[in-house]
Amino acid sequence: MRWSTYFIPTLREDPADAEVISHKLLMRAGMIRQLAAGIYSYLPIAQRSILKIANIIREEQNSIGGQEFFLPALNPAEIWQESGRWGLMGPNMFRIKDRKGADFCLGMTHEEVMTDIARHELRSYKQLPQVWYQIQTKFRDEARPKSGLLRVRQFTMKDAYSFDIDQAGLDKSFEDQRRAYCRTFTRCGLEYVIVEADSGAMGGSASNEFMVYTDAGEDLVASCPLCNYAANLEKATSRLTPVDDGADDPVIEKFATPGVKTIDDLVGFPGGAPADRQIKTLIYAAVSEKGRESRTMPLLALLRGDHALNDAKLANAVARQLNRDGWEVVNVRPAHPEEIFELLGANAGSLGAVGVTGKLILIDEALHGRQNMTTGANEDGAHLRGVSIERDIRPTAWVDLRSVAEGEICPSCGEGALRVAKALEVGHIFKLGTKYSVSMNAKVLNSEGREIPLIMGCYGIGVERILAAAIELNHDDAGIIFPLSIAPFHVVVSPLNTRDAEVRAVAERISTELEQAGVEVLHDDRDERAGVKLNDADLIGIPLQVRIGPRKLKEGSVELYDRATRISVDLPADAVVEAILERMSRYNKGVPTEA
RNA sequence: CGGGGCGUAGCACAGUCUGGCUAGUGCGCUCGGUUUGGGACCGAGAGGUCGGGGGUUCGAAUCCCUCCGCCCCGACCA
């Protein structure tokens, strides 16, 4: 490919509205341009990388028996209504009407379409298992698109679905995918970690996310440096060191606490208590919907005074309590001050659950067995001490509600101090079970002739996120450093002085020979100064570069430059093709084919 | 949806507070010349509904109203 006629509009300066590194470099390298918030055009070299990533994904899916489909992005409302997600997806789903006024949406994912095919075509356990996937554009009307390609409204996703007759089959399909994901991300040059993840309100059991550690990520991952425990903060747990509560079975005593509004206030208040001897009482409101009906229910969430509530854990716990009789919890939000006063007769700062009955009370497991605690008295300016939890509080359910904190002890090995770091989700696999097969009536006959719902798994990979993550992980002050496997080209051939006929001729010859050997070459035949060519080549991150200058060429040599190390070696001009092939094969051998 | 910021040439920005010459600067682009191993130099040019609409004024990029778009923080994110 000749650079002079190829479209790579590089920029010298960072665009004003780019914040994260991958966004700046994708723009500067001439890979993407923005069309609207969270909507990007992929220019030629980005498209080349994306096709390579997609192809690696495809090869690994095919290797575990996956069969590629291409499904409609445009979906009729009916199938989403059937699965119950037409309402659940809320404003995150793009919705349109056709000319007759019928409702359609743009697919955010394809459980519904796949399940629809499965229920029409799969009849017998003999046809199972099936692993179906596609690589398609997905649409999500994100409330806040951001960070270049990391959080967008239109993106490419590989989504796979497995259909099995039983749990053992699902376990195998899941494990196949897990291994295929490991190989996929490794081949793309990403360092990743597999974490335990929240499977969300959508149900399902096992759930693993594939995360890349980067500050550009939006998730938090807790991991143990001593064992292989790693979990999304929405799921992570830890072991706590016991707190000494002092005297057994004390009596409850009310005491005046004028002006005390927070846990901290009470720590410093005479006769108060340390934070880990207090009960934090938070009031939330759960909004549920059933068809067009909507109702709001207040609830109490109780935690140890120094512990932080995890919103995702609370939302899941509330859904488990309230999702029944067709009601679906759609939002769990902090209660408004008026709602709090109406519920407990006091204002935030003096709230507690002692003596509260007939309300939904969720209590964090870390409070098990605790006594002689201090909490609000449901009377402004007053608190209670000597509260023994099992004796004095009647919770609806004990649940895990708190976020683990850095430094707490690993729940798996019991020794390591957990670390918490930002990470980007590039893949997510989980066991769906029968949620969609039941709601959409996708059944097959088992070996006993009985009709049973298909057991499903679903497995997603964000294609552009792999590209962006690769850049977040591999760059320097000169630009992108692409892994060979997903680089737009393998080699840039740079004649450094295009006025020199000999330099031009050698560049032509080397480019042609490389192409004939199957190497993807970008021949920088532009009439530019050497500095421009070298800087552009570094910026777009092509792994290898052949630099041909008049001085060294007089002695018969050219330079082979390695983008990652920025080291170049002089080689005889007629030895460079072989040297490149050797380096490329060494790289390819370095990539494991088994996880 | 709440809070903050921004919108002037392809890109990055100045000018706006305090209304007034022909709306500037750098990069990029075109032409001519010189130059040629880490984003060259000289000269000459092209390129603008100052985000849209409305208003105030003798006069609006600048002041007022309104709408739109984009970025950041938060909420949200099967």
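In what follows, chains are A, B, ... by sequence order, proteins preceding strands, each numbered from 1. Computation of the quantities below employed the complete heavy-atom set of this structure, encompassing side-chain atoms and omitting hydrogens, waters and symmetry-equivalent molecules.
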Selection from [options] that lies nearest to any side-chain heavy atom of [X]:
{"X": "A:R566", "options": "B:C73, B:G38, B:A78", "value": "B:G38"}
{"X": "A:R140", "options": "B:A78, B:G38, B:A12", "value": "B:A78"}
{"X": "A:R499", "options": "B:A75, B:G38, B:U36", "value": "B:U36"}
{"X": "A:A143", "options": "B:A78, B:C76, B:C72", "value": "B:C76"}
{"X": "A:A530", "options": "B:C71, B:C76, B:G37", "value": "B:G37"}
{"X": "A:R529", "options": "B:G37, B:A40, B:C70", "value": "B:A40"}
{"X": "A:E13", "options": "B:C71, B:G37, B:G26", "value": "B:G26"}
{"X": "A:R547", "options": "B:G37, B:G74, B:G38", "value": "B:G38"}
{"X": "A:M157", "options": "B:G37, B:A78, B:A12", "value": "B:A78"}
{"X": "A:T10", "options": "B:G38, B:U36, B:G39", "value": "B:G39"}

Short N-O contact, [X] and [Y], less than 4.0 angstrom:
{"X": "A:R85", "Y": "A:E111", "value": "yes"}
{"X": "A:D477", "Y": "A:R566", "value": "yes"}
{"X": "A:K235", "Y": "A:D400", "value": "no"}
{"X": "A:E82", "Y": "A:R119", "value": "yes"}
{"X": "A:R465", "Y": "A:E472", "value": "no"}

[X] near the nucleic acid: base, sugar-phosphate alone, or nothing, with a heavy-atom cut-off under 4.0 Å?
{"X": "A:S147", "result": "sugar-phosphate"}
{"X": "A:N331", "result": "nothing"}
{"X": "A:N535", "result": "base"}
{"X": "A:K533", "result": "nothing"}
{"X": "A:D500", "result": "nothing"}
{"X": "A:R333", "result": "nothing"}
{"X": "A:A36", "result": "sugar-phosphate"}
{"X": "A:R33", "result": "nothing"}

Problem set entry | Polar contact flag, side-chain donor to acceptor under 3.5 angstrom, A:D536-A:T10 |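 Their side chains do contain a donor-acceptor pair, which is all the 3.5 Å distance test asks for.
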When you compare [N] with [M], how far apart are their [atom1] atoms, in angstrom units rounded to a whole number?
{"N": "B:G33", "M": "B:G38", "atom1": "C1'", "answer": "25 Å"}
{"N": "B:G20", "M": "B:G74", "atom1": "C1'", "answer": "44 Å"}
{"N": "B:G32", "M": "B:C13", "atom1": "C1'", "answer": "30 Å"}
{"N": "B:G51", "M": "B:A12", "atom1": "P", "answer": "14 Å"}
{"N": "B:C1", "M": "B:C67", "atom1": "P", "answer": "12 Å"}
{"N": "B:U66", "M": "B:G3", "atom1": "P", "answer": "14 Å"}
{"N": "B:A60", "M": "B:A23", "atom1": "C1'", "answer": "13 Å"}
{"N": "B:C41", "M": "B:U35", "atom1": "C1'", "answer": "7 Å"}

Exercise. Got more than 12 heavy atoms from elsewhere within 6.0 Å of CZ, A:R333?
Worked result: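 Yes, CZ of A:R333 has more than 12 neighbouring heavy atoms, counting only those of other groups under 6.0 Å.
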Round to a whole Å and report the spacing from [atom1] of [X] to [atom2] of [N].
{"X": "A:D570", "N": "B:G37", "atom1": "CG", "atom2": "P", "answer": "16 Å"}
{"X": "A:N323", "N": "B:A78", "atom1": "CG", "atom2": "P", "answer": "14 Å"}
{"X": "A:D17", "N": "B:C73", "atom1": "CG", "atom2": "P", "answer": "13 Å"}
{"X": "A:L106", "N": "B:A78", "atom1": "CG", "atom2": "P", "answer": "18 Å"}
{"X": "A:R526", "N": "B:G39", "atom1": "CZ", "atom2": "C1'", "answer": "10 Å"}
{"X": "A:D141", "N": "B:A75", "atom1": "CG", "atom2": "P", "answer": "19 Å"}

Exercise. Does the base of B:G37 carry an N or O that pairs as donor and acceptor with the side chain of A:N497 under 3.5 Å?
Worked result: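 Looking at the base of B:G37, it does not pair with any donor or acceptor on the side chain of A:N497 (distance under 3.5 Å).
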Exercise. Got a donor-acceptor pair under 3.5 Å from the side chain of A:E559 to the base of B:G37?
Worked result: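 In this structure, the two groups form a donor-acceptor pair.
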On the nucleotide [N], are OP1 or OP2 found under 4.0 Å from the side-chain N or O atoms that [X] carries?
{"X": "A:Q34", "N": "B:C71", "value": "yes"}
{"X": "A:K146", "N": "B:C73", "value": "yes"}
{"X": "A:R12", "N": "B:A12", "value": "no"}

Exercise. Parallel under 30°, tilted from 30 to 60°, perpendicular over 60°: which one fits the rings of A:F139 and A:F94?
Worked result: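 Correct class here is perpendicular.
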Using Watson-Crick or G-U wobble geometry with both distances below 3.5 Å, tell me the partner of [N], or none.
{"N": "B:G10", "result": "B:C27"}
{"N": "B:G2", "result": "B:C73"}
{"N": "B:G37", "result": "none"}
{"N": "B:C63", "result": "B:G55"}

Exercise. If each of A:G460 and A:D536 is mapped to the nucleotide of RNA chain B with the nearest heavy atom, which maps nearer the 5' terminus, i.e. the 5' end?
Worked result: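 So the residue in question is A:D536.
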Exercise. With nearest nucleotides of RNA chain B determined for A:E111 and A:D527 from heavy-atom distances, which residue corresponds to the more 5′ nucleotide?
Worked result: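 Residue closer to the 5' terminus by nearest nucleotide: A:D527.
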